[in-house]
Amino acid sequence: MGIEDVVREAIRSSFGIDYKEAIPLSRPKKPEFGDMSTSVAFQLAKRLGSSPNVISEKIAKELASTSELFERVTTQGGYINFHFGKTFFSKLIGDIISGKLASLVRRLSDGEFVQIEYVSANPTGPLNVVSARAAAVGSSLVNILRRVGYDVKGEYYLNDAGNQVRLLTESLRARIKQLKGERADIPDEGYHGEYLLDYARDAIEENVPDDRLSDWILSRITDDIKETLKRFGVCFDSWVSERELRSSGRVEKLISELDKKHLVYEKDGAIWFAATSLDPESEQDYVLVKSDGEYSYFAVDIAYHLDKFQRGFSHVWDIWGPDHHGHIKRMQLALRSLGYDRAFSAILLQQVNIVEEGKRRKMSKRRGELVTLNELLGEIDTDVARFFFLDRRVGAHLDFDLELARKESEENPVYYVKYAHARIRSIERLAGLRGITPGSIENLLGIPEFLHLARRVAEYPDVIVRTARELETHILTDYLLALSRDFHHFYHIHRVITGDRERSSGMLSLVLAVAEVIKDGLALLGIEAPERM
RNA sequence: GCGCCCGUGGCUCAAUUGGAUAGAGCAACGGACUACGAAUCCGUAGAUUGGAGGUUCGAAUCCUCUCGGGCGCACCA
């Protein structure tokens with residue numbers, strides 16, 4: 001029985017009511033307020049026509065006499081504060097250092113088959129820093145959801161068809177001609193980035209026939225994207241090709257499916273999806289088949305998502321850039337008509353701006369103004385870059401100052417966390433030399449810094465759950481920073497290995513637990529925890 | 001014009017989704033290595049949470065208005 005149930009039970013026996021709402025539990029800001037607290041008395045005050053003070057005291061009294069979970073239950077101005085006992089911490093630390101850390105995390109799912117689709121940048125050029133943010137966040141969320149029990153697959157949707165590809169090929173063709181000294185202009189809407197010059201050189205060298213140019217450039221760029229992602233520590237479970245999707249007949253099938261539901265009509269030579277008839281709130285209808293006979297991006301994307309569900313995913317998260325937000329509503333609408341809207345959610349990752357000398361610079365792949373992930377990784381460490389992207393809310397804009405990133409790579413917070421880990425491993429090595437092994441911590445919990453650090457370690461399982469639930473990696477990075485800070489502070493006050501073997505054993509248990517948590521947390525974020533630095 | 005996201009110390013970000021005195025890191029200033037790693041620690045200073053109303057026991061968080069910044073509103077993807 002968890003804390004929530006215990007409190008609910010206490011409310012029942014104190015006031016004879018069934019409290020069905022969630023019991024708000026939070027970690028108090030001050031240590032004297034205990035290990036966990038609830039403000040439920042405030043909520044009950046109105047309903048019971050009594051003051052929070054009176055109510056909280058009654059519940060606390062009831063809890064103190066009935067629950068074995070707590071050493072003490074106190075009240076403070078209407079708040080009810082719970083204090084855990086020594087056995088709670090002993091068991092926790094013991095479990096962590098004996099390799100049971102993963103089992104302490106509450107499972108949010110029992111193997112539900114789900115997918116996260118991320119990056120999915122068009123294969124028309126090198127990955128930029130915007131995709132890098134998506135790559136860092138997506139790959140970490142895959143790990144974290146896996147930890148709380150989901151069966152997660154990460155997928156990259158490759159837009160290797162349609163207009164953009166045509167423009168890419170024409171741009172490349174123009175670059176080849178230019179290199180051969182012929183006059184040729186890159187189409188206005190085409191890709192003007194210099195990177196195409198390198199590809200053009202290779203194409204000339206390899207003597208790629210003109211009718212194979214499109215396939216050739218797509219596979220070259222796709223390979224380079226895969227290579228870059230690998231360098232960034234990102235590996236996808238699957239890659240889905242838009243071109244194959246188009247030729248598979250799935251789009252056609254989708255349209256006839258929608259047609260059966262009377263959501264399709266023809267106008268001006270195009271075929272439309274009747275969004276407005278499905279939802280009066282919708283502003284407009286959307287084209288499925290253009291008047292030139294080509295499928296629209298929207299049509300193919302619906303077919304793609306339908307295919308995901310037909311592959312058995314019960315939930316699908318897409319990580320999209322802010323420029324896609326207009327796409328969310330209509331996708332949900334289309335999926336609703338097919339019966340899948342609740343199984344789909346989009347995570348809108350806010351944009352990354354490149355900042356130079358305090359001014360934002362526009363990023364455009366077509367104009368070729370971009371900072372590539374490869375360039376970035378040439379300047380700073382993969383781990384530093386990942387941490388940089390992960391230590392922020394997804395909804396927050398990110399002003400990326402390469403100058404600053406370069407500078408910060410030497411004083412980046414990620415090293416603070418890594419250093420805490422390396423320091424503990426160093427202590428562990430010394431303990432090994434002295435023949436000291438982990439032992440009981442019970443006699444040390446009276447030391448304030450020791451208790452504080454133990455409490456911080458105890459938060460970890462809940463931090464993972466919150467990170468997974470909110471799909472926000474910064475919750476985990478922030479926690480790791482706080483844990484590292486608490487450890488460094490502890491380290492300066494208390495020596496772990498001393499002549500007192502019993503005390504040393506207990507101290508060692510706690511710091512080893514800290515190291516295990518750091519290692520585990522960093523691993524979930526795709527970052528290495530070094531033994532030495 | 002309509003819709004969505006963001007405004008928190010000089011800078012970059014938090015605040016467990018409405019809870020206790022708004023917290024950290026950079027940068028600034030002053031201190032700490034003769035025992036486990038100084039990539040560290042301790043201290044000082046710095047905030048009318050863009051602004052104005054409202055909702056209630058309680059607001060950075062919710063509602064209305066307003067001011068800035070960004071992004072959408074295609075037979076582009």
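To find a chain, count down the sequence lines: A is the first, B the second, and so on, and within it residues start at 1.
Glycosidic conformation of B:U17 is syn; the angle stays within 90° of 0. Applying the 90° cutoff around 0 to the glycosidic angle, B:C71 is assigned anti.
Where A:A161 and A:G326 meet RNA chain B, the nucleotide closest to each residue was compared, and A:G326 sits on the side nearer the 5' end. Residue order along RNA chain B, read from the 5' end via each residue's closest nucleotide, puts A:Q284 first among A:N159 and A:Q284.
A salt bridge is defined here as a Lys NZ or Arg NE, NH1 or NH2 lying under 4.0 Å from an Asp or Glu carboxylate O, and A:R27 with A:D462 meets this definition. Taking the charged nitrogens against the carboxylate oxygens, A:E516 and A:R425 do have a contact shorter than 4.0 Å, which makes a salt bridge. A salt bridge links A:K308 with A:E117: the distance from a Lys NZ or Arg NE/NH1/NH2 to an Asp or Glu carboxylate oxygen falls below 4.0 Å. In summary, A:D279 and A:K329 do not engage in a salt bridge, as defined by a charged side-chain N under 4.0 Å from a carboxylate O.
Residue A:K329 contributes atom NZ, which lies 16 Å from atom P of B:G72 at whole-angstrom precision. We find that CH2 of A:W320 is positioned 15 Å from P of B:A77, with the value rounded to whole Å. Distance A:Y286 OH to B:G72 C1': 11 Å, rounded to the nearest Å. What separates CG of A:D391 from P of B:C26 is a distance of 13 Å, to the nearest Å. B:C26 atom C1' lies 12 Å from atom CG of A:L481, rounded to whole Å. Between A:N412 atom CG and B:A24 atom P the separation is 20 Å, expressed in whole Å. The distance from atom CZ of A:F298 to atom P of B:C75 is 12 Å, rounded to the nearest whole Å. Protein atom NE2 of A:H327 is 16 Å distant from nucleotide atom C1' of B:C71, rounded to whole Å.
Put simply, the side chain of A:S509 gets close to the backbone of A:G439: a donor and an acceptor are under 3.5 Å apart. Under the 3.5 Å distance criterion, the side-chain polar atoms of A:W272 are matched with a main-chain donor or acceptor of A:K267. Under the 3.5 Å distance criterion, the side-chain polar atoms of A:T222 are left unmatched by any main-chain donor or acceptor of A:S219. A donor-acceptor distance shorter than 3.5 angstrom exists from the side chain of A:H421 to the backbone of A:P530, with no hydrogens or angles considered.
To the nearest whole angstrom, the two P atoms, one in B:G51 and one in B:C26, are 27 Å apart. On the P atoms, B:G70 is 45 Å away from B:G31, given to the nearest whole Å. Nucleotides B:U66 and B:C2, compared at atom P, are 10 Å apart to the nearest Å. Annotation: B:A74 and B:U21 have their P atoms spaced 49 Å apart (nearest Å). Here the separation of B:G19 from B:A59, taken at their C1' atoms, is 10 Å to the nearest Å. B:G23 and B:G46 have their P atoms separated by 15 Å, given to the nearest Å. Atom C1' of B:U40 sits at a distance of 13 Å from the matching atom of B:C36, rounded to the whole Å. When the C1' atom is used for both B:G9 and B:A35, the distance is 40 Å, rounded to whole Å.
For B:A24, the paired nucleotide is B:U12, the pair qualifying as Watson-Crick or G-U wobble because both relevant distances are below 3.5 Å. If you check B:C2 for Watson-Crick or wobble pairing at under 3.5 angstrom, you find it paired to B:G72. Look at B:U34: it lacks any Watson-Crick or wobble partner with both distances under 3.5 angstrom. Nucleotide B:U17: unpaired (no Watson-Crick or G-U wobble partner with both distances less than 3.5 Å). Nucleotide B:U64 forms a Watson-Crick or G-U wobble pair with B:A52, both donor-acceptor distances falling under 3.5 Å.
Ranking B:A77, B:C75, B:G70 by closeness to the A:D268 side chain, first place goes to B:C75.
The ring of A:H494 has its center no closer than 6.0 angstrom to the ring center of A:F450. Ring-centre distance between A:Y79 and A:F33: not below the 6.0 Å cut-off.
A cation-pi geometry, defined here as NZ or CZ lying under 6.0 Å from the six-membered ring centre and within 45° of its normal, does not hold between A:R330 and A:F273. Within the cation-pi definition used here (under 6.0 Å to the ring centroid, within 45° of the axis), A:R246 does not qualify as a partner of A:Y295.
Residue-level contact check: A:R166 touches neither bases nor backbone, having no heavy atom under 4.0 Å from any strand. In this structure, A:P413 reaches neither bases nor backbone, as no heavy-atom distance under 4.0 Å exists between it and the strands shown. Residue contacts shown for A:A270 include a base, since a base heavy atom lies under 4.0 Å away. Contacts of A:G77 with the nucleic acid, taken as non-hydrogen atoms under 4.0 Å apart, are absent.
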Return a single string for nucleotides 32-42 of chain B, one symbol per nucleotide in 5' to 3' order, where B is base contact, S is sugar-phosphate-only contact and - is none, cutoff 4.0 angstrom on heavy atoms. ---BBBSBBSS

Nucleotides 15-21 of chain B: protein proximity per nucleotide (B base, S sugar-phosphate only, - neither; heavy atom, under 4.0 Å): SBB-BBB

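One donor-acceptor pair, N or O on each side, does fall under 3.5 Å between the base of B:G3 and the side chain of A:H325.
A:N159 and A:E242 share a side-chain donor-acceptor pair at under 3.5 Å.
With contacts defined as side-chain heavy-atom distances shorter than 4.5 Å, the pair A:M533/A:Y419 qualifies.
Taking a 4.0 Å limit (strictly below) on heavy-atom distances, residues 504-518 of chain A does not reach RNA chain B anywhere.
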